[in-house]
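Written below as structure tokens is the structure these notes are about.
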Protein chains: 2
Amino acid sequence: MDVSAPSTRDRIIAAAEYLFAERGFAETSLRLITSRAEVNLASVNYHFGSKKDLIQAVFDRFMDRLTVELADELASLRQQGGKPTAESVLTTFLRPLQALDQLEPNGASIFMRLLGRAYAETQGHLRRFVLEKYGHVLAEFTQSLMQAHPELPANELFWRLHFMLGSLVFAIGGSNALGEISAADFDEEVGLNDVVARLIPFLAGGFKAPVAR
Amino acid sequence: MDVSAPSTRDRIIAAAEYLFAERGFAETSLRLITSRAEVNLASVNYHFGSKKDLIQAVFDRFMDRLTVELADELASLRQQGGKPTAESVLTTFLRPLQALDQLEPNGASIFMRLLGRAYAETQGHLRRFVLEKYGHVLAEFTQSLMQAHPELPANELFWRLHFMLGSLVFAIGGSNALGEISAADFDEEVGLNDVVARLIPFLAGGFKAPVAR
DNA sequence: TGTACATCAGTGAACGCGCGTTCACTGATGTAC
DNA sequence: TGTACATCAGTGAACGCGCGTTCACTGATGTAC
């Protein structure tokens, strides 16, 4: 078995995904990453080529994990047959997201913040990259939502999907900060699972709403 | 009457708010701002003291405009009497937001992106500043929502407010990019007013949803 | 009304600093014959 | 099995560059007497 210490490459990725989510891409210097990872500064460029490529690699690792599980969930939903509900389709996305938290502490929150940052990027090269590489899984997800709400026109669904994405990025990406406020104001500890449990009826209610005339 | 060219200070603010929203705080250099504004580099520090203070000033100007109008809307909603609906309360916030677009091109989108960036900030000094200075208006807004949905516990309302905020930041802040996609995919021009019209039933549906057990 | 001084808005050039990247180099491991 | 060479992972120091900020300065306007 392999009990060796994590490789330099893995140490860089681990430090980078934490810092990128915490501080943003531009605000995170390679020196900060390498000193957190306790590796040589030059090793980032050795392993990844450039800072830009490192960002891509970090993002890609999350997306790979997520889309595999999302595809599984969607397949088993379809296998059940019948008309799915908004709640059940949302769960196919939220369950793999929760699984990221098992994989590493705060994994879901880190990923959502990365996703938000990727969207906020001006150039949008990450956005394009996501659609090219993972577009087919996302299209499957949209398909299932359409089955749950066949009364919604495609363009209405498009907007509602983005309203949903905004809620997810904001609430799950900021769940640490929001959870602290909640703990202080309402004497209530809030974990990812609690946020997800609150999100499902809210978002499902949104999808069920009539289209504006 | 004053027909003079805008002052150096105003030129800086105008250039900065555009570039901050477009590129983010860290990615926008003072040289970029001053060359866009066609003013001297040193004048930023002369008028604002530091880059950090400029960010604060830009943000503050939007918040000032918005909260005054939001307070007006809330007052006239209360004056109508009776139990408000989720839709009417949401409108008290969305109407002032739409007014920002009249004030300058893409004003609403720029402001929402600034708000998103302010929230994403690690230090959160902007977030704290917002709550201290404008907390009373936001509390009034929350009050009205509570009247519309007295069945929602305070902590549930807290989370739903942030789900809403996420949708707004994401959809309105990204309305240019999303509008372009929509125009390409659905042959449909989408302006701020269309996005708002779609948002209201979606969010109202979310607030009306039963609380998860 | 005239003079002296103070304040204000703005400028041009330079400052030190942290940044991403590069480069020549080392030592360990793998491969060919 | 032994030798020669190639590849790989990693290193330390330096590179030029763009950054926010500072500073001595200018010229216009305002104020006091």
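Just so it is clear: chains get the letters A, B, ... in the order the sequence lines come, proteins before strands, and each one is counted from 1. Note that the coordinates shown come from a computational prediction; the quantities given were computed from them, not determined experimentally.
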Legend entry - Given D:dT21, C:dC19, D:dG12, the nucleotide with the shortest approach to the side chain of A:S29: C:dC19
Legend entry - Side-chain donor or acceptor of B:T34 paired with backbone N/O of B:L30 under 3.5 Å: yes
Legend entry - Side chain proximity check, B:F93 to B:L74, heavy atoms < 4.5 angstrom: no
Legend entry - B:L41 or A:L32, whichever maps to the more 5' nucleotide of DNA chain C: B:L41
Inset, instruction - Specify the separation, in whole Å, of atom CD1 of A:I12 and atom C1' of C:dG20. - result: 14 Å
Inset, instruction - Nearest whole angstrom, please: distance from the C1' of C:dT21 to the CG of A:N40. - result: 13 Å
Inset, instruction - Decide yes or no for B:Y46 and B:N40: does some side-chain heavy atom of the first lie under 4.5 Å from some side-chain heavy atom of the second? - result: no
Legend entry - Protein-nucleotide distance (B:R11, atom CZ; C:dA9, atom P), rounded to Å: 17 Å
Inset, instruction - Describe the nucleic acid contact of A:T28 in one word from base, sugar-phosphate, nothing, applying a heavy-atom distance below 4.0 Å. - result: sugar-phosphate
Inset, instruction - Only one of B:F170, B:F163, B:F202 passes ring-ring contact (aromatic ring centres under 6.0 Å, His included) with A:F163; say which it is. - result: B:F202
Legend entry - Contiguous Watson-Crick or G-U pair runs (3 or more, under 3.5 Å) in DNA chain C: C:2-33 with D:2-33
Legend entry - N/O donor-acceptor pair, side chain B:R31 with base D:dG18, under 3.5 angstrom: no
Legend entry - Length of the NZ-P vector between B:K51 and D:dC19, whole Å: 9 Å
Legend entry - 5' precedence on DNA chain C between A:A26 and B:A42 (nearest-nucleotide basis): B:A42
Legend entry - Side-chain heavy atoms of A:F207 within contact of A:V89, under 4.5 Å: no
Inset, instruction - Between D:dG12, D:dG20, C:dT21, spot the one nearest the side chain of B:L30, thanks. - result: D:dG20
Legend entry - Per B:N45 side chain, nearest of listed nucleotides C:dT21, D:dT22, D:dG12: D:dT22
Legend entry - Among D:dG20, C:dG12, C:dG10, the nucleotide that comes nearest once only the side chain of B:T8 is considered: C:dG10
Legend entry - Separation of atom NE2 in A:H47 from atom P in C:dT21, rounded to whole Å: 16 Å
Inset, instruction - Nearest whole angstrom, please: distance from the C1' of C:dA13 to the OH of B:Y46. - result: 19 Å
Inset, instruction - For the pair A:S167 and B:S167, evaluate side chain to side chain donor-acceptor pair (under 3.5 Å) and give the outcome as yes or no after the intermediate values. - result: CA-CA 5 Å; A:S167 294; B:S167 294; 2.9 Å; yes
Legend entry - Separation of atom CZ in A:F48 from atom P in C:dG20, rounded to whole Å: 15 Å
Legend entry - For atom CZ of B:R9 and atom P of C:dG10, their distance in whole Å: 11 Å
Inset, instruction - Would you check if the side chain of B:H149 reaches a backbone N or O of B:L145 as a donor-acceptor pair within less than 3.5 Å? - result: no
